[in-house]
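Treat the numbers as computed from the prediction; the structure is a model and nothing was measured.
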Amino acid sequence: MKYLHTMVRVADLEESLAFYCGKLGLEQVSRQDHEKGRFTLVFLAAPGDVTRASEDKSPCLELTYNWDSEVYSGGRNFGHLAYRVDNIYSTCQQLMDAGVVINRPPRDGNMAFIRSPDGISIELLQRGQALEPQEPWASMQNTGEW
């Protein structure tokens, strides 16, 4: 068995691409516009996975944008996406500096949660061992849902 991709439906493709690519740092691997079905598929990959993802579309995040307006609620979404990061603290700081709310700060030096513009929960996990707890993260409270 091999992981291929996770699909999430997005309400605003440009806003979602600005978040996933511009703020989170994913890269676009491919884009497919399906006029007959009235939808667009955009496949994204983490920078370290782009070569492999370009070859076999894995591991990828698939953004599905339906051209006809539709409101997606929690029932149409799922648990969360998860990404491993080299430094949980610097990643969270970069995201905060870009205006992203850290819903569950990395108090333990290992795990944090953020949400996309469509409310998708994204887990960030420290590569290797947890970093030593440090401020301001160690005493930062949760914000909203994660």
Side-chain angles (χ1 to χ4, degrees), residues 1-33 39-67 69-146:
M1 188 179 309
K2 177 176 155 180
Y3 173 78
L4 295 176
H5 64 264
T6 299
M7 183 275 276
V8 295
R9 292 175 184 90
V10 299
D12 183 320
L13 184 57
E14 294 311 313
E15 180 182 36
S16 294
L17 288 171
F19 173 80
Y20 287 109
C21 296
K23 295 178 181 177
L24 192 56
L26 300 183
E27 295 181 29
Q28 184 170 312
V29 174
S30 69
R31 178 182 178 135
Q32 304 161 10
D33 294 311
F39 65 93
T40 298
L41 303 178
V42 179
F43 287 86
L44 308 175
D49 294 325
V50 169
T51 300
R52 183 168 43 142
S54 296
E55 296 170 2
D56 65 6
K57 295 277 190 296
S58 73
C60 283
L61 171 62
E62 173 192 330
L63 303 181
T64 297
Y65 172 68
N66 292 307
W67 300 356
S69 295
E70 185 174 346
V71 176
Y72 300 112
S73 63
R76 295 279 307 234
N77 295 331
F78 60 93
H80 66 266
L81 303 173
Y83 293 95
R84 184 175 324 167
V85 298
D86 289 330
N87 185 300
I88 192 80
Y89 297 133
S90 64
T91 299
C92 287
Q93 188 62 57
Q94 289 170 345
L95 289 165
M96 280 181 50
D97 291 348
V100 176
V101 172
I102 308 299
N103 300 101
R104 194 276 192 193
R107 291 183 290 273
D108 56 4
N110 185 56
M111 178 181 66
F113 276 87
I114 60 174
R115 285 189 172 267
S116 76
D118 291 293
I120 304 295
S121 185
I122 300 172
E123 179 182 26
L124 304 172
L125 294 167
Q126 173 62 41
R127 180 183 304 277
Q129 299 295 316
L131 301 179
E132 287 293 318
Q134 61 181 257
E135 294 299 339
W137 312 106
S139 60
M140 194 178 287
Q141 298 298 310
N142 292 345
T143 302
E145 296 180 15
W146 50 280

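Atom CD of residue Glu123 and atom CE of residue Met111 lie 6.0 Å apart, to the nearest 0.5 angstrom. Separating the SG atom in Cys60 from the CE atom in Met7 is a distance of 14.0 Å, to the nearest 0.5 Å. Residue Glu62 holds its CD atom at 4.0 Å from NE2 of His5, rounded to the nearest 0.5 Å. Of the inter-residue distances, the one linking Met96 atom CE with Lys23 atom NZ reads 13.0 Å to the nearest 0.5 angstrom. For the atom pair OG (Ser116) and CD (Glu15), the distance works out to 8.5 Å, reported to the nearest 0.5 Å.
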message = Is there a side chain to side chain contact (heavy atoms under 4.5 Å, CB included) between Thr143 and Ile102? Walk through the geometry before answering.
response = CA-CA 7 Å; Thr143 302; Ile102 308 299; over 6 Å; no
task = Give the intermediate values and the outcome of side chain to side chain contact (heavy atoms under 4.5 Å, CB included) for residues Leu26 and Leu61.
result = CA-CA 9 Å; Leu26 300 183; Leu61 171 62; 4.0 Å; yes
Candidate pair Arg31 and Tyr65, rule side chain to side chain contact (heavy atoms under 4.5 Å, CB included), full reasoning = CA-CA 11 Å; Arg31 178 182 178 135; Tyr65 172 68; over 6 Å; no
request  = Could you check Gln28 against Phe43 for side chain to side chain contact (heavy atoms under 4.5 Å, CB included), going step by step and ending with a plain yes or no?
outcome  = CA-CA 6 Å; Gln28 184 170 312; Phe43 287 86; over 6 Å; no
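Residue Gln93 qualifies as enclosed at atom CD: its count of foreign heavy atoms under 6.0 Å is above 12. For Glu132, the CD atom is loosely surrounded, since the number of other residues' heavy atoms within 6.0 Å does not exceed 12.
Side-chain contact between Val50 and Glu55: absent, with no pair of heavy atoms (C-beta onward) separated by less than 4.5 Å. Counting heavy atoms from C-beta outward, Leu124 and Phe113 have side chains that stay 4.5 Å or more apart. Residues Leu63 and Leu44 have side chains in contact (heavy-atom distance under 4.5 Å, counting atoms from C-beta outward). Counting heavy atoms from C-beta outward, Val10 and Thr64 have side chains that stay 4.5 Å or more apart. Between Ile120 and Phe19, every side-chain heavy-atom pair lies at or beyond the 4.5 Å cut-off.
Within the 3.5 Å criterion, the main-chain N or O of Leu131 finds no donor-acceptor partner in the side chain of Gln126. At distances below 3.5 Å, not a single donor-acceptor pair connects side-chain atoms of Thr91 with backbone N or O atoms of Ile88.
Closest heavy-atom contact between Tyr20 and Leu24: O-CB, 3.3 Å. Closest of all the heavy-atom pairs between Pro106 and Tyr89 is O-CE2, 3.5 Å. Closest heavy-atom contact between Asp12 and Glu14: OD1-N, 3.2 Å. Closest non-hydrogen pair, Arg115 versus Ser121, comes out as NH1-N, 4.0 Å. Between Ala112 and Cys92, the shortest heavy-atom contact is CB-SG, 3.6 Å. Minimum interatomic distance between Ala11 and Asp118 (heavy atoms only, all atoms of both residues): N-OD1, 3.2 Å.
When each of Val100, Leu81, Asn103, Leu95 is tested with Ile122 by the rule side chain to side chain contact (heavy atoms under 4.5 Å, CB included), just one qualifies, namely Leu81.
In this structure Glu135 satisfies the side-chain hydrogen bond (donor to acceptor under 3.5 Å, both in side chains) test together with Ser139, sequence neighbours excluded.
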